[in-house]
Asker: 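Structure below; questions to follow.
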Amino acid sequence: MKKLHALYILGLCSVLSVSCEKKFLDKAPGVDVTENTMFSSQTELEMYVASLYRHGIHHGLPTEDRSLTNAATYDISAGATDEAEYAVGWLTGQRWNSANITASDIVNLEDYRFFLRWTAIRMCNIIMERIDEVPNITPAYRDQVFGEAKFVRALNYLEMIKRYGGVPIVDKRFQLTDDLNLGRNTIEECINFIVNDATDAAAKLPPVYPSTMRGRATKGAALMLRSRALLYAASPLFNAAQPYLSLGGDKDKLICYGNFDKNRWKLAADAAKAVLDWAPTGGIHLITDKGVTANYKYQWSTNDNAEIILANKIYGPRNAWEIPWATMKPNTLSNSGWAGVMVTFNFIRKYEKTDGTPQTWPLAGGNNLFQKYDELDPRFKQTVAYHNSYWNREDPKFNCLNSQLGHWMHKLIPEALHNGAAQIPNWQIFRLAEAYLNYAEALNEFNDGPTADAYAAVNEIRRRSGMPDLPANLSQADFRQRVRNERDIELAFEDHRFWDIRRWMIAEDNGVMKGDFWGLKLAAITGSTEISFTPFIFEQRSFPRKMYLHPFILSEVNKGHIIQNPGW
């Protein structure tokens with residue numbers, strides 16, 4: 001792990017140069033900015049904290065910013081799942097669909113923040129070790145910053161654990177005299193570390209900030225982090241006596257607990273309930289006042305709305321032809337679409353009818369496409385760009401007759417984005433709807449079937465979009481499938497599906513991350529305003545079992561201290 005140590009040092013240098021650029025340019029000749037400067041006053045510390053957020057808070061949008069990393073991503077994770085397919089083959093996410101992933105290129109293909117996370121973790125440790133040296137620091141501000149450091153550290157660990165399983169726990173900054181040959185900690189140790197950090201952070205962070213300070217971690221963000229971590233810990237990938245592939249003996253505890261414990265679902269349920277109980281004190285609530293045909297779209301398209309617990313706000317205004325918009329916009333649009341995210345028919349079929357029953361899509365096709373659309377869950381038209389829908393006020397109705405799969409992703413890309421009207425991308429890391437769905441899922445698993453509270457949680461999400469309550473008396477298995485489908489629809493394209501598939505261990509099911517992937521061929525009908533549709537298989541995807549966890553980058557494994565994940 002010597003490279004990790006080197007990265008800590010280099011990371012600190014980059015932090016100091018980035019966070020203090022203005023101060024450096026203003027300083028008197030011969031006066032250098034050092035780490036001591038960062039802790040010389042509350043003002044200087046605040047600059048360091050701002051840099052911590054830049055280094056330590058991730059997002060799932062395309063990025064071309066290489067100022068902190070050696071890699072960039074131009075796509076989103078949806079294209080590696082049954083949600084979507086990118087319209088161009090040069091985007092790296094497409095490699096998941098052919099299982100063309102290696103330990104040498106994992107950083108470039110998905111985890112471009114791998115080394116940056118270790119820099120962020122070191123920054124957190126420095127803050128916690130030195131914060132009491134700041135002169136005249138107020139107790140409230142001291143606790144807030146300490147809580148922010150704990151939160152960012154825990155968040156980065158969760159991002160690694162969901163990718164790799166157990167990773168080395170670093171709870172202090174290294175000195176040159178320390179033993180740098182760290183190996184991996186177990187899943188149990190890592191989850192406990194995250195939960196402890198998140199719990200400590202929640203006790204220190206404020207419930208709200210002034211409107212000028214949105215994007216900083218609140219108590220609710222820490223509670224939400226704990227909820228997600230415990231949900232992942234309770235899920236089949238980790239909460240198991242045997243792993244998906246064996247490393248042998250005690251090494252298996254690096255990638256699973258080594259036993260199944262149903263009480264882990266109870267811990268996950270309690271953590272989600274803590275978020276729901278906190279929400280009113282933080283002014284957080286579901287968006288319900290825009291109408292069932294607009295509540296959902298308002299939530300994802302409006303920055304700083306009342307449902308958002310934490311968003312990454314690293315981006316400033318970006319024009320339609322700039323990243324991140326450019327590679328997400330359909331390449332059939334005239335306004336600078338480079339690529340575009342095509343929605344698969346596998347995903348379209350997940351939408352229920354407005355009466356809560358499954359929509360019928362004959363594999364032989366049909367001549368009533370618009371009728372099918374009108375019968376669907378209102379979230380469909382608030383998520384997907386479909387034939388004859390409007391992209392924005394500048395473009396004519398969207399023509400999907402010649403598109404490859406028949407549908408495009410519209411979610412994440414606000415209608416207000418058009419030529420001459422830049423928009424500010426915010427990536428929603430935590431929002432309240434996830435807590436409701438976490439709670440419903442965990443209660444069902446712990447109680448061997450849905451309770452009244454589990455029903456109430458998922459129905460709260462459905463009602464705000466005009467969908468009926470789930471049927472009463474569902475079995476545990478049936479309720480599980482309904483809640484999972486609700487996550488698919490509600491959290492679509494928000495970087496949940498890729499990880500849900502793996503934690504549920506369903507990637508090998510046909511049409512999930514393996515097997516048949518479908519699109520719709522659309523055609524006009526002479527003398528009719530309706531459109532005909534014909535389902536077709538556009539791709540056969542591969543998913544070897546080893547892909548349930550990422551490989552560690554080979555350069556780290558070759559140093560002899562990191563045990564590689566099985567199959568790589």
Side-chain angles (χ1 to χ4, degrees), residues 77 80-83 96 99 101 103 106 110-111 154-155 157-167 184-195 225-269 271-272 434 437-438 440-442 444-446 476-477 480-481 483-485 487-488 491 495-510 512-514 541-552 563-568:
S77 66
T81 75
D82 52 2
E83 291 177 319
W96 291 92
I101 305 295
I106 187 63
E110 197 282 323
D111 194 13
L155 180 66
Y157 267 101
L158 179 58
E159 287 300 301
M160 288 192 287
I161 288 163
K162 74 183 188 183
R163 288 170 166 83
Y164 304 99
V167 295
R184 298 172 64 178
N185 287 79
T186 66
I187 281 289
E188 183 171 14
E189 290 167 338
C190 290
I191 292 294
N192 289 345
F193 185 71
I194 292 169
V195 169
L225 172 59
R226 186 175 66 182
S227 170
R228 189 181 292 178
L230 287 170
L231 186 79
Y232 278 52
S235 297
L237 180 62
F238 294 143
N239 189 11
Q242 300 294 328
Y244 62 98
L245 290 173
S246 180
L247 284 168
D250 285 343
K251 294 178 183 176
D252 284 346
K253 292 186 178 181
L254 301 176
I255 54 177
C256 76
Y257 274 95
N259 70 298
F260 170 77
D261 185 351
K262 191 169 70 170
N263 192 58
R264 294 187 182 113
W265 285 112
K266 176 64 163 57
L267 296 175
E434 181 191 347
L437 295 169
N438 291 359
E441 179 182 347
N444 182 58
E445 299 300 337
F446 176 69
Q476 181 185 31
R480 177 187 300 133
Q481 289 307 118
V483 171
R484 288 183 178 184
N485 197 74
R487 285 183 73 92
D488 297 348
L491 304 178
D495 195 37
H496 284 277
R497 182 66 175 159
F498 187 84
W499 313 107
D500 282 348
I501 286 170
R502 302 209 302 181
R503 70 179 176 90
W504 292 330
M505 297 190 67
I506 62 171
E508 297 161 282
D509 294 355
N510 186 43
V512 178
M513 288 183 77
K514 181 179 180 179
R541 295 184 181 176
S542 301
F543 187 93
R545 198 166 180 80
K546 67 180 182 179
M547 283 172 47
Y548 276 112
L549 287 177
H550 284 18
F552 283 91
I563 296 172
Q564 181 61 284
N565 279 328
W568 297 101

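Residue numbers count from 1 along this sequence. Note: hydrogens, waters and symmetry copies are ignored here, and every other heavy atom, side chains too, is used.
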Asker: Is it true that a side-chain atom of N185 and a backbone atom of G166 form a donor plus acceptor pair closer than 3.5 Å?
Answerer: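 Side chain of N185 to backbone of G166: no pair is present.
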Asker: So, applying ring-ring contact (aromatic ring centres under 6.0 Å, His included) with F543, which one of W96, Y548, F498, Y244 is it?
Answerer: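 Exactly one pass, corresponding to Y548.
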Asker: Return yes if some donor-acceptor pair links the side-chain N/O of D261 with the main-chain N/O of N239 below 3.5 Å, else return no.
Answerer: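 Answer holds: no.
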Asker: Can you label the angle between the H550 ring and the W499 ring as parallel, tilted or perpendicular, going by 30° and 60°?
Answerer: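 Ring orientation of H550 relative to W499: tilted.
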Asker: Minimum heavy-atom separation for C256 to P243, with atom names?
Answerer: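 For C256 versus P243, the nearest heavy atoms are SG-N, 3.7 Å.
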Asker: If you count the non-hydrogen atoms of other residues, nucleotides and ligands that lie under 6.0 Å from CD in Q476, is the total more than 12?
Answerer: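 Count over threshold, so yes.
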Asker: Looking at OG of S235 and CE of M505, how far apart are the two atoms once the value is rounded to the nearest 0.5 Å?
Answerer: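 Between S235 OG and M505 CE, I get 11.0 Å after rounding to 0.5 Å.
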Asker: Do you know the tightest heavy-atom contact between S246 and G248?
Answerer: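 Smallest interatomic distance, heavy atoms only, reads OG-N, 2.9 Å.
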Asker: Quick one: do R484 and D500 make a salt bridge, cutoff under 4.0 Å?
Answerer: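 No, R484 and D500 are not salt-bridged.
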Asker: Consider side-chain contact (heavy atoms from CB on, under 4.5 Å). Of V167, D111, I106, which one does F552 pass it with?
Answerer: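 It is V167; the other options fail the test.
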Asker: Walk me through whether N565 and R184 qualify under side chain to side chain donor-acceptor pair (under 3.5 Å).
Answerer: CA-CA 11 Å; N565 279 328; R184 298 172 64 178; 3.0 Å; yes
Asker: Nearest heavy-atom pair of Y257 and I187: which atoms, and what distance?
Answerer: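 The pair with the smallest heavy-atom distance is CE1-CG2, 3.9 Å.
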Asker: Please report the shortest heavy-atom distance between L230 and A271, naming the atom on each side.
Answerer: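 For L230 and A271, the tightest heavy-atom pair comes out as CD1-CB, 3.8 Å.
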Asker: Is there a side-chain contact between S77 and R497, using heavy atoms and a 4.5 Å cut-off?
Answerer: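 They are not in side-chain contact.
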Asker: Can a donor-acceptor pair be found, under 3.5 Å and without considering hydrogens, that links the side chain of R503 to the backbone of F238?
Answerer: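 Flag not set: sc R503 to bb F238 has no pair under 3.5 Å.
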Asker: Per the side chain to side chain donor-acceptor pair (under 3.5 Å) rule, which among R264, K262, R480 passes with E445?
Answerer: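 Single side chain to side chain donor-acceptor pair (under 3.5 Å) partner of E445 among R264, K262, R480: R480.
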Asker: What pair of heavy atoms forms the shortest contact from D252 to L247, and how long is it?
Answerer: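 Heavy atoms only, the tightest pair is OD1-N, 2.6 Å.
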Asker: Checking R228 against H496 for the side chain to side chain contact (heavy atoms under 4.5 Å, CB included) test, could you report, in this order, the C-alpha distance in whole Å, the side-chain angles of both residues, the deciding distance, and whether it holds?
Answerer: CA-CA 11 Å; R228 189 181 292 178; H496 284 277; 3.6 Å; yes
Asker: CD1/I255 to CD/Q242 distance, rounded to the nearest 0.5 angstrom?
Answerer: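 CD of Q242 is found 10.0 Å from CD1 of I255.
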Asker: Would you say the side-chain atoms of R487 pair up with the backbone N or O of V483, donor to acceptor, closer than 3.5 Å?
Answerer: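 No: the side chain of R487 does not pair with the backbone of V483.
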Asker: Would you find more than 12 non-hydrogen atoms of other residues, nucleotides or ligands less than 6.0 Å from K546 atom NZ?
Answerer: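 Yes, the 6.0 Å shell around NZ holds more than 12 heavy atoms from other groups.
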Asker: Rounded to the nearest 0.5 Å, how far apart are CD1 of I191 and CZ of R226?
Answerer: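 The distance works out to 13.0 Å.
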Asker: When you look at CG of N263, are more than 12 heavy atoms from neighbouring residues, nucleotides or ligands closer to it than 6.0 Å?
Answerer: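 For N263, atom CG is crowded (more than 12 foreign heavy atoms under 6.0 Å).
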Asker: In Å and rounded to the nearest 0.5 Å, what is the CG to CG distance from L549 to L245?
Answerer: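 CG of L245 is found 9.5 Å from CG of L549.
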Asker: Is the closest side-chain heavy-atom distance between W265 and N444 below 4.5 Å?
Answerer: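 No - every pair of side-chain heavy atoms lies 4.5 Å or more apart.
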Asker: What is the distance from atom CG of L231 to atom CD of E434, rounded to the nearest 0.5 Å?
Answerer: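 So the gap between those two atoms works out to 7.5 Å.
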Asker: For the pair E188 and K253, find out whether any cationic side-chain nitrogen is under 4.0 Å from an anionic carboxylate oxygen.
Answerer: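 Result for this pair is no, no salt bridge flagged.
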Asker: To the nearest 0.5 Å, what is the distance between OH (Y164) and CG (L254)?
Answerer: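 Going from the OH atom of Y164 to the CG atom of L254 covers 15.0 Å.
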